[in-house]
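Below, each value reflects all heavy atoms present in this structure, side chains not excepted, and no hydrogens, waters or symmetry copies.
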Amino acid sequence: MFELSSELGILMLLFCISSYTIVAKRLSSALITAPMVFISVGLLFSLIGFFTHVEIAETIHLIAEIALFVLLFLDASQINIKRLKYRNNWPLRMLLLGLPLCILFGTLVGLLLFPNWPWTLIALVAVIMSPTDAALGDAVFKNKSIPVNIRQTLTIESGLNDGLALPFILFFASLVTAATHEHSANWNWLIFGGSQILIGILVGVSMGWGSGKIFVFGEERSLTTNLYEGIGVLALTGTSYLTASLLGGNGFISAFVAGLAFGNVVKGHCRFIYQFSESEGQLLVWSAFTAIGLGLLPEAIRHLSWPIVGYIFISLFLVRPLAIYISLIGAKIPFVSKLFLGWFGPRGLATALFALLVSKDLLDDYSQSVLVVAINGVWISAVLHGVTATPLGKWYGHYTKAQRSKNRD
């Protein structure tokens, strides 16, 4: 019965993936996105009972870690630092000012709604709720009627903010953990968190830069092909993650920094970096959303409360839009565009995976609080941003076109 249940679950999952690929274009025009589909599939499988709790626990942690370090590396590797610095400073404003403001405002809101929670736990939740996910607003990123600089800004922000949020997450997770131990051990936990960040950065820079130089050397001398280059890049993501972990650093920071260094050394020569995210990477994302729906969503919904609902909605409708608006003060960007950039900050895979990964080191009550807020935030965001991406994207595209015509007249 155990094997039959598991095999049947895997069979049905593969059937769902195949079926979705056939009607994906039609569903996206009907305001149904891939994250909405696969998180619902996971929830349905959980209610049916295709998999045991042991299988779910083992699978979800494995998928979470692989998905996170691969996506962190590939997202970072697509960022051209020089172009980001000189051609469009909007993403820099949103990342360097908007992200900290989002964390600050989220913490202040949490202090009002969760008076019994430690401030360090509230700050940790605020950081976890800050990263955005391009997958939940895919219709916006692919809408050619929306100005290129707006789409580029959202793409760069969503690609970088999860990596930039990592040090904050480690810092506040260390504070929460330290608060549950003896006072004399507090510095040990903070030193541990600092060493994780520092070693992760050093390993990431050396691995990414060194591998990039080797990659360019091999390509210039025609020693490899696109097929083998792609395999090498995937191996590099795992190598940077595991090397940092073995040396006492944080593997996710290492993967992100390695991707950033690697991408800026090879400078667009590796087509696999861009192709994977559009093809095979989708399967990884879909699997992760299915695992979230399967292993985390039922428990999160069961513990949903009005303060948590209020926190999630305030985070989506007020905290991020306000933080982004303030970060863009002084930039030559219309008010409507600021609101558009503020709204399309969906919470997705990074939020769920960060919550899952830090929760295993927290006390049970704290762990549950983090997961309940994060996972409910993800599915609520998937619905709200999924159903608004197409209509708001079309409206904004027509609006900007009309404004350009008006200015020319």
Item to check | Min side-chain heavy-atom separation I150-W90 under 4.5 Å | outcome: yes

Next on the checklist: As a quick check of understanding, evaluate side chain to side chain contact (heavy atoms under 4.5 Å, CB included) for E157 and I324, giving each step before the final call.
Outcome noted: CA-CA 11 Å; E157 187 211 8; I324 296 303; 4.0 Å; yes

Checklist entry - Between CG of L43 and CG of L294, what distance do you get to the nearest 0.5 Å? => result 9.0 Å

Next on the checklist: Quick check against the 3.5 Å criterion: does S367 have a side-chain atom that pairs as donor or acceptor with the backbone of S359?
Outcome noted: yes

Checklist entry - Do you know which two heavy atoms are closest between V203 and S254, and how far apart they sit? => result CG1-OG, 3.5 Å

Checklist entry - How close do S369 and L121 get, heavy atom to heavy atom, and via which atoms? => result CB-CD2, 4.3 Å

Checklist entry - What distance separates L349 CG from F289 CZ, expressed to the nearest 0.5 Å? => result 5.0 Å

Checklist entry - side-chain contact (heavy atoms from CB on, under 4.5 Å) with R347: which of L384, D133, I312, L316? => result L316

Checklist entry - Within a strict 4.5 Å, meaning less than it, do heavy atoms of the V176 and V358 side chains meet? => result no

Checklist entry - Closest heavy-atom contact between I146 and G393? => result CG1-O, 3.7 Å

Checklist entry - Given the rule in the side chain to side chain contact (heavy atoms under 4.5 Å, CB included) test, do L318 and V109 qualify, once you have shown the distances and angles that lead to the verdict? => result CA-CA 10 Å; L318 182 61; V109 172; 5.9 Å; no

Item to check | Donor-acceptor pair, side chain of S19 and main chain of C16, under 3.5 angstrom | outcome: no

Checklist entry - Atom CG in L104, atom OG in S130: separation rounded to 0.5 Å? => result 10.5 Å

Next on the checklist: Apply side chain to side chain contact (heavy atoms under 4.5 Å, CB included) to residues V127 and F354 and explain how you reach the verdict.
Outcome noted: CA-CA 10 Å; V127 180; F354 283 146; over 6 Å; no

Checklist entry - Any donor-acceptor pair under 3.5 Å linking the side chain of S46 with the backbone of G42? => result no

Next on the checklist: Could you check whether any side-chain heavy atom of F313 comes within less than 4.5 Å of a side-chain heavy atom of I380, counting everything from C-beta outward?
Outcome noted: yes

Checklist entry - Heavy-atom distance under 4.5 Å between the side chains of N161 and M94, does that happen here? => result no

Next on the checklist: Using 0.5 Å steps for rounding, measure from the CG atom of N89 to the CG atom of L95.
Outcome noted: 11.5 Å

Checklist entry - Do S315 side-chain atoms and Y311 backbone N/O form a donor-acceptor pair below 3.5 Å? => result yes

Checklist entry - Is W209 atom CH2 crowded by more than 12 heavy atoms from other residues, nucleotides or ligands, each under 6.0 Å away? => result no

Next on the checklist: Show the nearest heavy-atom pair for residues I292 and A352, with the distance to one decimal.
Outcome noted: CD1-CB, 3.4 Å

Checklist entry - How close do S240 and A255 get, heavy atom to heavy atom, and via which atoms? => result OG-CA, 3.6 Å

Next on the checklist: side chain to side chain contact (heavy atoms under 4.5 Å, CB included) for L357 and F252? Distances and angles first, verdict last.
Outcome noted: CA-CA 11 Å; L357 292 170; F252 299 108; 3.3 Å; yes

Next on the checklist: Side chains of L124 and I169, heavy atoms from C-beta outward: is any pair under 4.5 Å?
Outcome noted: yes

Checklist entry - Do F256 and F73 have ring centres separated by under 6.0 Å? => result no

Checklist entry - Do any N or O atoms from the side chain of S381 and from the backbone of V378 form a donor-acceptor pair under 3.5 angstrom? => result no

Item to check | R320 side-chain N/O to L341 backbone N/O, donor-acceptor pair under 3.5 Å | outcome: yes

Checklist entry - Could you state the interatomic distance from CD1 (I326) to NZ (K338), rounded to the nearest 0.5 Å? => result 10.5 Å

Checklist outcome for this item: Distance col, row T239:OG1 vs F69:CZ, nearest 0.5 angstrom, shows 9.0 Å

Next on the checklist: So L236 and F215, do their side chains get closer than 4.5 Å, heavy atoms only?
Outcome noted: no

Checklist entry - With side chains defined as the heavy atoms from C-beta onward, is the minimum distance between W119 and F172 less than 4.5 Å? => result yes

Item to check | Main-chain N/O of V373 paired with H303 side-chain donor or acceptor, under 3.5 Å | outcome: no

Checklist entry - Is it true that a side-chain atom of R93 and a backbone atom of I329 form a donor plus acceptor pair closer than 3.5 Å? => result yes

Checklist entry - Hey, is the main chain of P91 close enough, under 3.5 Å, to the side chain of T153 for a donor-acceptor pair? => result no

Next on the checklist: Testing the basics here: between T107 and A123, what is the closest heavy-atom pair and its distance to 0.1 Å?
Outcome noted: OG1-CA, 3.6 Å

Next on the checklist: Could you tell me if the side chain of L175 sits less than 4.5 Å from the side chain of F171, heavy atoms only?
Outcome noted: yes

